[in-house]
Each structure stands twice: as C-alpha cells, then as structure tokens.
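In what follows, every heavy atom counts, from backbone to side chain, and hydrogens, waters and symmetry copies are set aside.
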Amino acid sequence: MVVVWIVSACLSVGAARIVTEPTTIEFTYGIDESLFRPQLSTGGNGNGEFEMYVNSNRTTYVANRTLFLKPTLTEHVMEDLNAAGTLFVAKSRAFINQTAQPWTYDNDYYYGGEFAGRRMLLPYKHTRYQTELNNTCDDSSSATPDPSTCANQWEHAYNVMDMSSQVWASGRWDDVRCTGACLQTAGDYVPEGSTEYTYDMLQPVASAKVMTRTQFDLRYGRVEITAKLPRGDWLWPALWLLPSHPDNYGPWPRNGEIDVMESRGNDPARCSGGYNFFGSTLHFGMDYKTDGYLHTTEGVEFSKQTKALSDEFHVYGLLWNTTHIVTYLDEPSNVIFATDMTGTDFYSLGQTTTTTCLLKDADNGMSCVRNVTAAAQDWSSYPNPWASPASFDPAMAPFDTPFYLIFNVAVGGTNGFFSPDCKGSDGSDAPWGSGDPDELPIDSFMKKSYQWLPTWVDTQDIAWAAHCSLGSAYQRCMPSNPPVTDMTQDGASSKLKAWYESNQATCTAITTSSACQQASSCEWHDVPCPETADHAALQVKKVVYTPN
C-alpha cells in the first residue's frame, strides 16, 4: 500500500525526521507504514478509557482515498491478533509484543491470556486498602488534616501472574503510600508463588491510533487536516500533536501537547459538546496536577445543528510560529483558539488568572456562549524548566521543539472528559458508573453495551446490536421485530432490553437455524455482533503542511 505524499526536503535531528518543505499527504492507494505507524497500547491511556489500540485492517484502513480509524468490538480483531502472535498480558492488562513492534513504549514482561467469548479474562488481585488518619503523613504544610478524607476505600493493586505456571511472579504491587493526611496500608497480601487470583477484562473495544513520530516531525508552520468526525455514543476522536523528544523538558505535560481537535460522538441534543462541537487545547505545566490547560482551551459548536461535523468533511487547521498558536475551522479567518505569547511565556501564563471562551457559537458569528476562568497555578516551588538556555525559544517553550501528528478514536473514559450531564442517545447515563464498588467501570461498560453499541451500527443492525451483547453465543436464535429502531427516543435502550428479555426464552430454546426461521418472532444470527458502521469512524482525506 502506498500513500501519495510530496516532500521536497527534510532535516534529520537525532531520530527525528523534521520536514522543512511544503508537504501534501493524500491517501490515494493506501497508507504508507513508513510514514503513519500504528501505536499499540491498552490500559486506558491514563484516562480510564475502554479501548485498546491495535493494528488491524478492521480498525485502520483506506477506502475511497480516505483513511478510516474505526472502533469495533475486540472480539472482531482477536483472531487477527492471536494469529499474528502480538497480544500478550501483563499486570492484568494487555500489551502488544514490543519485539514485533519495537517502536512501542511498553517495557513490561508479557504473558499469555485466556479469551472466553466476549471477555479477555486476565488475572488480577483485588486488594482492600485500610485508609486512616496519620498526621505524620500529611503532605500539606498549611492544611489541617481532615479525618473525613480518610474513609475506607477500594484500591486496585495489580500483580504479575506468570500464565505458564499460574503463580504470581511478584509480591503485592503496592505496599504503603501517603495521600495528604491519609496513610494507606494493604489489608490483603498476595505472596509470591500464590495461585490466588480473580479475573479482569481486556478492553471490550478495539480502535485505531496512528502517529508520525520519527517519520514526519514538524516545528512551526501551518497544518491543515481534512477530516470527518465520528458519530456514536462515547466516541472520543482527536487530531493532536506530541513532542518528538519527550525528555526535552521532563514528563508530561512539561513537554507540551497540542490538541487541534477533540470532540465527542454523542448526540448534541443529549450531550453538550457532542458531534456538532470540537475544542482545541494546549497542555503545559509542571505535572499532571498543575496542568494549565484551562488557560488555553476554546471550543465551538453549531447551535442550529445544520452542519454536523460528523456529516461533512472540514479542514481543521493549526497555525504555529514563534509568537502564536492558533486553530481554525476551514479558513484561517474562522479562528477557534488563539494564544499570543508576545512579551510573555507559558511559565508566566500558567501562573496568571485568565478568562477564555470555552464555547463559541459558529452559527452566531463565533459569539461566546460560555466563559471559563482559569485560576493561577502555584509553580513557585518549581524552577522554570522552559527558561533559556534549556529551550530553543523561551517565549514558546515547551511548544518550541519538533512535534509529531497523532490521529485516534478513543472510547469513553472516567477522567471527566464526558461530564456527568452528558447522556447517551436515548438519555441514559454514562455506562461505566454502576455504583457498585466491586464492579470495575470497564465491566459495567461492557454489560451496558446494549445502550451504546446500537449507535455505532447501521440502522438495520440496531436491534441485533442491542441483544447480541446480552450474552448471545456465536450462533443463536434471537427475538426479531424490535419495538425500537431510533436510538434517540427516550429510554430506547431500556425498551430494547425489556423486549429482548421478555422474548428471549421462546427464541433461545430453539436450537437449529431451520426451526428458528420458521418461528414468527425469531431470527438466526451466526456471528456474534454486527460490525461498526462507517459513521463511527474518524475519516481523514488529506494532510497539508506548510512550514514557516
């Protein structure tokens, strides 16, 4: 497969391949893996997400000169991954074999896993932590310890199990740790050599993430990405950039992050910031607790919903130079986000109280609908990591080094990107909040797939998606003629579930396809679940880069 791309020159710095001439990338015949590489990972990506990123032609492919990045159920790609010998399990999470893909960043030991139906069962030990008041553990010099913050709580302590011997290869993952005025001590212990374990789940969704690191690195200029956003509950598409040399200034977010576009696939009538919205953000700070992103976040929505970003291709643009970072939609004059660093720097900006427009109305002249005030961060105890001579350009640091492109579709997340008032297409709450302290969010998300999966598939597959995820086998007689085909109706998923549960006994008692076909209210399914439709994919047609 080949990508048509034109580049006149590039400059190699270390492992980076910095592009220095105008470049156009079009997916005429396919994707050139020497340019865009898949990033393979699992474990929630720090946001409590429910997808694993894989390299599969079901999730990453080119059709009609367009790059598709499409989430699907993990069960659809397991056979491909197992055949390739790239899926392994460590610390109750799955990782991709880095000997097969040496450019991934996971440095763990790999162990085999057991795939059972729709669940990749992974060994883990659920450890109960007793949390108690301990003044000597207070890490706040001014605050008085509050015993109410030290209530008993569940924590997950993961250990490594050697699957070949079915014994734990290490002792307890965490021992004792301090959180403010609280001392946490482990109430349960998993000794080395023990065979005691329970099961966790692999991410139920496989998705796509491609990047240009070391192949197509950028520093200043204009980037224009022509893309169509996905539509479907709890989809989280992103077009963004990370630094090519992650150790320049320290750990994230000291090195910076440029989010050109982030959106949500939810129906905007149910979720503010759905598929008629996108936002742009810069992440920078001393650590994840002091991320100054609220100083540099702005978004836009189409209030009349006449131009859904999931229905049309748009240009998502980035202008980046020694004084400004600007994002825009379609035309440079249609500014979404802008920051002017003339006479200042990001170290000063992060420690200043600022007000930005979190939401603009594209149908009303980009008028501001919602402001947000970002409080000044206290970085006084941190030396400025971006001061000269550490940086190339102190005013723009950490956004003064080469960055690379990343395109991906994440699924859900417990980090707050989907706010509590964001609902599914039928008005249901986020499917990962069961309220059961013993149930992991990932398990709740899978159990409630009858809510979100029907929004990812074609209309004729809605009912199939609703009941395929409620325990049906690979070949089974299922109820037919569902009462709901429009997932935007109030309580649609609950109605589908009730219909399924009231009719399943009659149909599931039938064991042959011929008898099922003769039953008036049943139909036979010989595959586990329908494939995701194109509308659930992030689609990219073209990337144009013009250096300064």
Side-chain angles (χ1 to χ4, degrees), residues 13-16 37 39-49 53 90-91 93 95-96 98 102-108 139-140 155-156 158 173-174 177-180 209 211-214 217-219 238 240-260 262 281-297 320 325 339 341 345-351 374-406 408 410 413-417:
V13 178
R37 293 178 172 181
Q39 183 172 359
L40 313 179
S41 64
T42 188
N45 298 287
N47 298 313
E49 300 162 17
Y53 291 118
K91 297 177 184 174
R93 290 288 182 251
F95 294 89
I96 306 302
Q98 93 171 4
W103 38 265
T104 59
Y105 312 121
D106 298 315
N107 296 306
D108 289 285
D139 60 6
S140 173
E155 295 269 343
H156 303 302
Y158 295 116
W173 185 254
D174 286 310
R177 50 179 155 166
C178 297
T179 303
K209 185 176 188 178
M211 60 181 181
T212 66
R213 189 184 187 204
T214 74
D217 294 345
L218 321 172
R219 182 172 181 261
W240 52 305
L241 297 89
L242 280 178
S244 305
H245 302 283
D247 297 326
N248 277 340
Y249 297 123
W252 186 93
R254 289 192 191 188
N255 270 310
E257 174 182 321
I258 303 174
D259 297 334
V260 178
E262 286 187 285
T281 301
L282 302 180
H283 290 275
F284 64 101
M286 300 300 104
D287 53 38
Y288 74 95
K289 295 180 181 179
T290 61
D291 184 0
Y293 73 97
L294 280 179
H295 297 267
T296 50
T297 295
W320 175 25
I325 296 179
T339 183
M341 302 309 294
D345 54 56
F346 282 95
Y347 188 72
S348 300
L349 176 63
Q351 299 183 87
Q377 298 286 338
D378 182 7
W379 294 346
S380 58
S381 61
Y382 299 92
N384 184 355
W386 308 314
S388 181
S391 62
F392 292 97
D393 186 346
M396 287 302 293
F399 304 101
D400 61 336
T401 66
F403 277 60
Y404 62 94
L405 297 170
I406 306 172
N408 70 281
T414 59
N415 70 330
F417 182 75

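- A donor-acceptor distance shorter than 3.5 angstrom exists from the side chain of Thr212 to the backbone of Leu405, with no hydrogens or angles considered.
- With hydrogens and angles ignored, the 3.5 Å screen pairs a side-chain donor or acceptor of Asp345 with a backbone N or O of Tyr347.
- Looking only at side-chain heavy atoms (C-beta outward), Phe403 and Ile258 come within less than 4.5 Å of each other.
- Counting non-hydrogen atoms of neighbouring residues, nucleotides and ligands closer than 6.0 angstrom, the OH atom of Tyr293 reaches no more than 12 such neighbours.
- Met396 is listed as a side-chain neighbour of Ile325, based on a closest heavy-atom distance under 4.5 Å.
- Cation-pi check for Arg219 over Phe392 is met; the charged atom lies under 6.0 angstrom from the ring centroid and within 45 degrees of its normal.
- For Tyr382, there are no ring pair (Phe, Tyr, Trp, His ring centres under 6.0 Å) partners, not counting sequence neighbours.
- For the atom pair OG (Ser348) and CE (Met341), the distance works out to 7.5 Å, reported to the nearest 0.5 Å.
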Show your working on side chain to side chain donor-acceptor pair (under 3.5 Å) between Asn408 and Trp240 and close with a plain yes or no.
CA-CA 9 Å; Asn408 70 281; Trp240 52 305; 2.6 Å; yes
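- A donor-acceptor pair is defined here as one N or O able to donate and one able to accept, closer than 3.5 Å; no such pair exists between the side chain of Trp320 and the backbone of Leu218.
- For Pro398, the side chain to side chain contact (heavy atoms under 4.5 Å, CB included) test picks out Tyr249, Phe284, Phe346, Trp386, with sequence neighbours left out.
- Arg254 places no side-chain N or O within 3.5 Å of a backbone atom of Gly285 that could act as its donor or acceptor partner.
- The heavy-atom pair separating Asn255 from Gly250 by the smallest distance is ND2-O, 2.5 Å.
- The side-chain heavy atoms of Thr296 and Leu349, taken from C-beta on, include a pair separated by under 4.5 Å.
- Between the side chain of His295 and the backbone N or O of Ala375 there is at least one donor-acceptor pair closer than 3.5 Å.
- Partners of Trp252 by ring pair (Phe, Tyr, Trp, His ring centres under 6.0 Å), not counting sequence neighbours, listed by chain and number: His283.
- Scanning both residues, Glu49 and Ala410, for their nearest heavy atoms gives OE1-CB, 3.5 Å.
- For the residue pair Ile406 and Met211, the shortest heavy atom distance occurs at CG1-CB, 4.1 Å.
- Looking at heavy atoms from C-beta onward, Asp217 lies in side-chain contact with Tyr404 at the 4.5 angstrom threshold.
- Nearest heavy atom pair, residue Glu262 against residue Ala238, reads CG-CB, 4.1 Å.
- Residues Asp259 and Leu282 are not in side-chain contact: their nearest non-hydrogen atoms beyond the backbone lie 4.5 Å or more apart.
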